[in-house]
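Accompanying notes for the structure given below.
What's counted below: heavy atoms across the whole structure, side chains too, no hydrogens, waters or symmetry copies.
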Amino acid sequence: MHELESWKEEKNSAYLYRILSDSESGTARQLLFLELAHEADEQSELWAKEIRKSGHAVPARYIPGRRVKTVAWLIRRLGPRRIKPVLAAMKIRGMAVYSSRRPMNHPMPLSVDDVGASHRGKGTSGGLRAAVFGVNDGLVSIALLIMGIAGATSASATILLTGVAGLLAGAISMAAGEWISMRSQREMFEYQIGLERDELAQYPAEETEELALIYQARGMNREEAYAMAKRMIADPELGLDTLAREELGLNPDELGSPWQAAVFSFFSFIFGGLIPLLPFLLELERHPLLIAVTLSCIALFVVGATLSLFTGRDALWGGLRMLLIGSLAGAATYFIGNFLGAKIS
């Protein structure tokens with residue numbers, strides 16, 4: 001029954017808000033989560049009335065389920081900031097207060113236009129970062145596969161056949177895994193946004209109050225926060241977009257396409273895996289393995305240096321570290337292949 005599920009959702013939220021409040025004892029967030037717990041309790045009472053209207057009984061008392069207890073344990077052990085995706089999946093609001101923004105550099109928006117502007121231009125480096133890791137996965141996987149086979153046999157045809165098979169298998173596996181991951185994430189986001197849309201349509205006043213509490217926790221006074229929240233909720237689409245961002249920590253514009261992610265992962269893996277395979281694909285007669293190792297080392301260094309863009313580390317050190325790790329792994333798989341090849345033959 002929809003009403004009973006909604007009642008349970010609000011009770012789960014109230015329970016976890018109180019756990020969050022305890023974990024934030026002595027901070028401004030403590031009051032925020034206590035207020036959100038109170039709001040969730042009030043919304044659960046509204047759902048309880050709907051349950052009674054439909055002729056069903058409301059549970060005598062709320063008992064948290066195993067999943068809720070597990071999340072509560074994670075909050076106590078790890079803290080809210082480290083498990084934001086888990087809390088978002090549990091429909092816990094107010095996660096925007098754990099944003100990495102600094103008040104001095106990113107002032108609180110004072111208008112609807114400011115709010116819209118603050119959400120534009122985010123996440124531009126995510127695709128590049130995913131591409132680099134996809135290329136790295138293909139490069140390392142196929143390079144190690146080639147080294148292992150080369151240790152067992154010197155037949156270029158065997159190395160090529162194994163390498164191509166591994167390349168296709170790895171790329172398809174990566175694409176399938178990425179599709180499932182993105183599809184599951186998108187379904188979870190759509191479910192959370194759908195719940196928020198239903199609550200906004202049925203209880204706009206309560207949603208306005210919750211949004212105002214979040215703005216208060218981020219630096220606004222009570223009057224300004226409530227006025228801002230009221231303007232947001234007045235426009236249903238803008239209100240839903242704002243609630244998803246500020247309460248759930250989600251961006252409705254960036255849910256991601258599972259097919260796009262799958263295709264992206266497939267070709268990134270293929271591109272990286274082709275680097276060590278290139279000498280064998282071109283059927284080079286002189287030292288194809290040596291050329292493959294040389295190309296792989298250069299690519300490893302470039303990938304490591306590129307990854308330093310996301311870590312803030314020195315590019316030279318990042319490249320050398322990736323080269324060292326890849327070289328050690330390659331040498332290990334070569335000697336393992338050599339050992340097994342000798343045993344089998």
Side-chain angles (χ1 to χ4, degrees), residues 1-25 29-98 184-214 216-217 229 233 236 239-240 243-244 246-250:
M1 186 174 61
H2 170 67
E3 291 82 2
L4 181 59
E5 284 298 316
S6 296
W7 179 86
K8 288 180 180 177
E9 286 279 355
E10 294 299 337
K11 283 295 186 182
N12 289 341
S13 296
Y15 177 84
L16 290 174
Y17 283 138
R18 290 186 171 90
I19 301 297
L20 286 165
S21 178
D22 292 341
S23 72
E24 294 288 0
S25 179
R29 300 186 185 102
Q30 181 182 18
L31 179 60
L32 166 67
F33 289 124
L34 279 176
E35 292 284 347
L36 288 172
H38 178 68
E39 292 291 331
D41 281 332
E42 288 189 345
Q43 291 198 25
S44 71
E45 286 303 313
L46 293 173
W47 284 115
K49 290 178 182 178
E50 296 294 329
I51 294 172
R52 295 188 188 98
K53 285 181 183 178
S54 64
H56 295 85
V58 180
R61 65 190 184 95
Y62 166 73
I63 301 175
R66 184 177 302 173
R67 184 185 180 199
V68 175
K69 289 180 179 178
T70 301
V71 173
W73 181 84
L74 289 172
I75 292 171
R76 295 188 185 102
R77 295 287 296 180
L78 302 177
R81 192 183 299 272
R82 294 183 180 178
I83 59 168
K84 282 175 60 178
V86 177
L87 294 172
M90 295 296 293
K91 200 176 177 294
I92 294 301
R93 302 155 181 171
M95 292 297 100
V97 300
Y98 294 110
S184 300
Q185 176 178 282
R186 187 181 180 91
E187 288 172 353
M188 185 270 286
F189 286 175
E190 289 173 345
Y191 172 71
Q192 298 295 337
I193 293 171
L195 288 176
E196 202 63 51
R197 180 182 290 109
D198 293 342
E199 292 182 0
L200 179 59
Q202 194 160 5
Y203 308 118
E206 285 77 8
E207 294 297 317
T208 300
E209 184 67 29
E210 290 181 357
L211 187 56
L213 287 170
I214 292 173
Q216 280 183 262
I233 300 300
L240 178 62
L243 288 168
E246 302 295 348
E247 291 192 349
L248 303 178
L250 306 178

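- For A40 against S13, the heavy-atom pair with the smallest separation is CB-CB, 4.3 Å.
- In this structure, OG in S21 is found 8.0 Å from CG in L31, a value given to the nearest 0.5 Å.
- Taking CG of L36 as the start and CG of L16 as the end, the distance is 12.0 Å to the nearest 0.5 Å.
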- Message: What verdict does the salt bridge (charged side-chain N to carboxylate O under 4.0 Å, His left out) test give for R76 and D22, after you've listed the backbone C-alpha separation in whole Å, the side-chain angles of each residue and the deciding distance to 0.1 Å?
- Response: CA-CA 9 Å; R76 295 188 185 102; D22 292 341; over 6 Å; no
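- At least one side-chain heavy atom of L213 sits less than 4.5 Å from a side-chain heavy atom of E39.
- Considering only heavy atoms from C-beta on, L74 stays 4.5 Å or farther from L87 through its side chain.
- Under the salt bridge (charged side-chain N to carboxylate O under 4.0 Å, His left out) criterion, E209 pairs with R222, not counting sequence neighbours.
- Residues E206 and L46 meet the side-chain proximity criterion, which asks for heavy atoms closer than 4.5 Å.
- In this structure, I83 CD1 and L78 CG are separated by 6.5 Å, a value rounded to the nearest 0.5 Å.
- Using a 4.5 Å heavy-atom cutoff, the side chains of D41 and R18 are in contact.
- Ring-plane geometry between W7 and Y62 is classed as perpendicular, the angle between the planes exceeding 60 degrees on a 0 to 90 degree scale with a lower cut at 30.
- Looking at Y17 and I92, their side chains come closer than 4.5 Å, going by heavy atoms from C-beta outward.
- To the nearest 0.5 Å, atoms CG (L4) and CD (E50) are separated by 13.0 Å.
- Between W47 and E10 there is a side-chain heavy-atom pair separated by less than 4.5 Å.
- Without hydrogens or angle criteria, S23 side chain to G79 main chain gives no donor-acceptor distance under 3.5 Å.
- If you take NZ on K8 and CD on E3, they are separated by 12.5 Å, rounding to the nearest 0.5 Å.
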